[in-house]
Amino acid sequence: MLPALLKKYNELRKEKFFRSPLFGSQKKYAFIGVGTHSLSNFYPLLRHFNISLKYICTKSSDWSSRMSPLFPGCTFTHRIEDILNDQDVSGVFVCASPAAHYGLLASLLKAGKNVFIDKPPCSDLSQLQELIRLNTDVICKVGLQRRHWPGNRYAQGKSRGAAGYIYQFHTGPYPQGDPFTELFIHPLDYCRFLFGDYTISSFSNQKDQTGITIQMHVTHAGGTSGLLQLSTHYSWNPAFESISVNTKKGALLIQYPGNVTEKPLPRRLLNIPSERLLRQPAITKEYYSAGPTMTPAMDLNTLVTQGFYDEVSTFVSLVEGNGHAASQPKNDLPSLVNVYQTMETLRAG
């Protein structure tokens with residue numbers, strides 16, 4: 001009896017694996033950019049699920065000899081016009097130099113192409129507003145992995161109605177790019193994702209030759225108050241990201257991409273904290289954990305636990321029209337207005 005149940009369980013797991021919307025895609029796609037980030041996080045997913053790439057486009061480098069075995073039949077080009085003018089291309093992935101993203105995205109939207117673009121989609125608010133104006137009815141998804149993190153299943157529900165939170169986002173120096181649009185865009189977007197649009201109540205901006213630290217107090221539309229510290233004055237070994245949320249039921253700790261835990265509030269006796277009167281063990285509830293684990297499973301692959309799998313799956317499902325992502329918005333650009341408004345204010349300070 002038990003062996004039969006275990007066999008049935010494993011069959012169900014395999015069926016779930018093959019029900020992925022990335023399997024069986026029928027339409028053709030193109031990819032712009034061949035960098036370390038795309039080679040590590042996007043191309044492996046496309047190859048694994050046999051998503052048909054008709055073009056891979058780069059500005060000048062030639063990776064055709066190395067990548068053609070991975071994507072047989074793909075055309076390697078330096079001309080974006082090949083993609084813009086090809087009606088067979090239904091969706092385009094863009095993961096190029098951040099400085100090139102606005103121009104590439106604007107051209108693709110004008111050509112009526114569905115686009116998945118890694119963050120940032122553009123450099124400033126005026127460019128974002130122009131992109132919103134250009135996008136009338138096509139799909140435009142932006143690569144902000146925290147929106148697609150599996151831990152959101154618990155983080156969103158458990159943080160609903162929170163009184164306040166403290167968000168720490170610490171990395172090492174970032175001399176190679178813009179820390180606002182390439183780093184801080186993540187926490188600024190994620191706190192909006194969890195708690196809604198916000199306004200800045202106060203902030204400080206400390207910048208020197210080694211990095212920048214932003215400390216800010218925000219108030220969300222629903223009344224939640226947040227304190228954020230965004231900094232490149234720390235270290236990449238390791239980078240640190242944590243949200244401590246004060247809810248009615250306890251202290252919720254959200255640590256992307258690792259875990260979601262909660263320490264329930266002890267009971268009150270005539271408004272006296274029971275922990276002051278009685279010796280009780282502290283309880284921590286773990287709702288989500290990405291590991292470590294001894295059991296290999298796709299759900300614990302870092303491409304899944306960091307949100308890359310779900311954001312690619314969402315885009316492909318929307319392009320294919322298979323219904324798997326019907327509840328997802330087609331266009332992410334309007335949701336970034338609040339974030340870009342905030343970044344402009346922080347830059348000016």
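Please read these numbers as outputs of a predicted model, since none were measured by experiment. Along the sequence shown, residues carry numbers from 1.
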Legend entry - Approximate separation, where rounding is to 0.5 Å, of C57 SG and I83 CD1: 4.5 Å
Legend entry - Distance, nearest 0.5 Å, that separates OG1 of T302 from CZ of F308: 8.5 Å
Legend entry - In one Ile/Leu/Val/Met/Phe/Trp/Tyr side-chain cluster, 4.5 Å: V218, L227: no
Legend entry - Any side-chain donor near an acceptor of the partner, S60 and H78, under 3.5 Å: no
Inset, instruction - Spell out, as yes or no, whether a donor-acceptor pair under 3.5 Å connects the side chain of N114 to the backbone of S90. - result: yes
Inset, instruction - Please tell me if the side chains of N152 and Y190 come closer than 4.5 Å, counting only heavy atoms from C-beta onward. - result: yes
Inset, instruction - Give a yes or no on whether the backbone of G35 and the side-chain of S38 come within a donor-acceptor separation of less than 3.5 Å. - result: yes
Legend entry - For D310, the option from Q145, Q328, H148 that meets side-chain hydrogen bond (donor to acceptor under 3.5 Å, both in side chains): H148
Legend entry - Heavy-atom side-chain contact between D178 and R347 under 4.5 Å: yes
Inset, instruction - Write out all pairs satisfying salt bridge (charged side-chain N to carboxylate O under 4.0 Å, His left out) with one or both partners inside residues 327-338, taking only residues at least two apart or from two chains. - result: D137-K330, K141-D332, R147-D332
Inset, instruction - Look only at the side chain of H101 and the backbone of A96, and say whether a donor-acceptor pair between them is shorter than 3.5 Å. - result: yes
Legend entry - Any side-chain heavy-atom pair of N338 and T199 under 4.5 Å: no
Inset, instruction - Could you tell me whether the side chains of T171 and T232 share a donor-acceptor contact shorter than 3.5 Å? - result: no
Inset, instruction - Calculate, to the nearest 0.5 Å, the distance between atoms CG and CZ belonging to D118 and F93 respectively. - result: 11.5 Å
Legend entry - Aromatic ring proximity, centroids under 6.0 angstrom, W63 and Y43: no
Inset, instruction - Check P121 against L333 and note the closest heavy-atom contact, atom names and distance. - result: CB-CD2, 4.1 Å
Legend entry - Residue pair M216 / L230: nearest heavy atoms and the distance that separates them: SD-CD1, 4.5 Å
Inset, instruction - Look at R146 together with D189 and state whether they make a salt bridge at an N to O cut-off of under 4.0 Å. - result: no
Inset, instruction - To the nearest 0.5 angstrom, please state how far the CZ atom of F180 sits from the OG1 atom of T342. - result: 11.0 Å
Legend entry - Any donor-acceptor N or O pair under 3.5 Å, side chains Y55, D86: yes
Legend entry - same_hphob_cluster(V260, I166) at 4.5 Å side-chain heavy-atom cutoff: no
Legend entry - Heavy-atom check, side chain of L346 versus side chain of L188, under 4.5 Å: yes
Inset, instruction - Check whether any side-chain N or O of H220 sits under 3.5 Å from a backbone N or O of G196 as a donor-acceptor pair, and report yes or no. - result: yes
Inset, instruction - State which residue, out of F116, Y29, F315, fulfils the ring-ring contact (aromatic ring centres under 6.0 Å, His included) condition with F42. - result: F116
Inset, instruction - Answer with yes or no whether the hydrophobic clustering places Y340 together with L183; edges join I, L, V, M, F, W, Y residues whose side-chain heavy atoms lie under 4.5 Å apart. - result: yes
Legend entry - Test item: side-chain donor near acceptor, D208 and H233, under 3.5 Å: yes
Inset, instruction - Give the minimum heavy-atom separation between P44 and L303, together with the two atoms involved. - result: CB-CD1, 4.4 Å
Legend entry - OH on Y256 to OG1 on T305, rounded to 0.5 Å: 7.5 Å
Legend entry - Residues in side-chain hydrogen bond (donor to acceptor under 3.5 Å, both in side chains) contact with S289, at least two apart in sequence or another chain: none
Inset, instruction - Give a yes or no on whether the backbone of T261 and the side-chain of N259 come within a donor-acceptor separation of less than 3.5 Å. - result: no
Inset, instruction - Using atom types as modelled and distance alone, determine if a side-chain donor or acceptor of K110 lies under 3.5 Å from a backbone N or O of L134. - result: no
Inset, instruction - Quick one: closest heavy-atom pair of P98 and P120, and the distance? - result: CB-CD, 3.8 Å
Legend entry - Heavy-atom closest contact (L194 atom, I243 atom, distance): CD1-CD1, 3.9 Å
Inset, instruction - Establish, from distance only, whether the side-chain atoms of N237 and S235 form a donor-acceptor pair under 3.5 Å. - result: no
Inset, instruction - Measure the shortest side-chain to side-chain distance between F31 and C95 over non-hydrogen atoms and say whether it is less than 4.5 angstrom. - result: yes
Inset, instruction - Indicate, with yes or no, if the rings of F49 and Y309 have centres closer together than 6.0 Å. - result: yes
Inset, instruction - Find out whether M67 and F76 are in side-chain contact, i.e. whether some heavy atom of one side chain is under 4.5 Å from a heavy atom of the other. - result: yes
Inset, instruction - Decide ring-ring contact (aromatic ring centres under 6.0 Å, His included) for W149 and Y288; before the verdict, give the C-alpha distance in whole Å, the side-chain angles of both, and the deciding distance to 0.1 Å. - result: CA-CA 11 Å; W149 179 43; Y288 172 80; 5.5 Å; yes
Legend entry - Minimum heavy-atom distance L84-S107, with the two atoms named: CD2-O, 3.6 Å
Inset, instruction - May I ask you to decide if L131's main-chain N or O and N135's side chain share a donor-acceptor pair within less than 3.5 Å? - result: no
Legend entry - Check: Q26 main-chain N/O paired with E320 side-chain donor or acceptor under 3.5 Å: yes
Inset, instruction - Scan side-chain atoms only and decide if E182 and Y174 contain a donor-acceptor pair under the 3.5 Å cut-off. - result: yes
Inset, instruction - List the steps, then state whether side-chain hydrogen bond (donor to acceptor under 3.5 Å, both in side chains) holds for Q229 with Y167. - result: CA-CA 6 Å; Q229 184 185 56; Y167 198 147; over 6 Å; no
Legend entry - Residue pair L144 / L336, side-chain heavy-atom distance below 4.5 Å: yes
Inset, instruction - Keeping the roles fixed (side chain from R192, backbone from S335), state whether a donor-acceptor pair exists under 3.5 Å. - result: yes
Inset, instruction - Check for a donor-acceptor pair, side chain of S225 on one end and backbone N or O of G164 on the other, with a separation under 3.5 Å. - result: no
Inset, instruction - To the nearest 0.5 Å, tell me how far L39 CG sits from R66 CZ. - result: 11.0 Å
Legend entry - Heavy-atom neighbours of L12 CG exceed 12 at 6.0 Å: yes
Quick one: side chains of residues 247-254, donor-acceptor pairs under 3.5 Å with protein atoms, not counting sequence neighbours, listed by atom name and distance.
| unit_1 | atom_1 | unit_2 | atom_2 | d |
| --- | --- | --- | --- | --- |
| T247 | OG1 | K249 | N | 3.2 |
| T247 | OG1 | G250 | N | 3.0 |
| T247 | OG1 | G250 | O | 2.8 |

Legend entry - Flag side-chain contact, heavy atom, 4.5 Å: Q168 against F240: yes
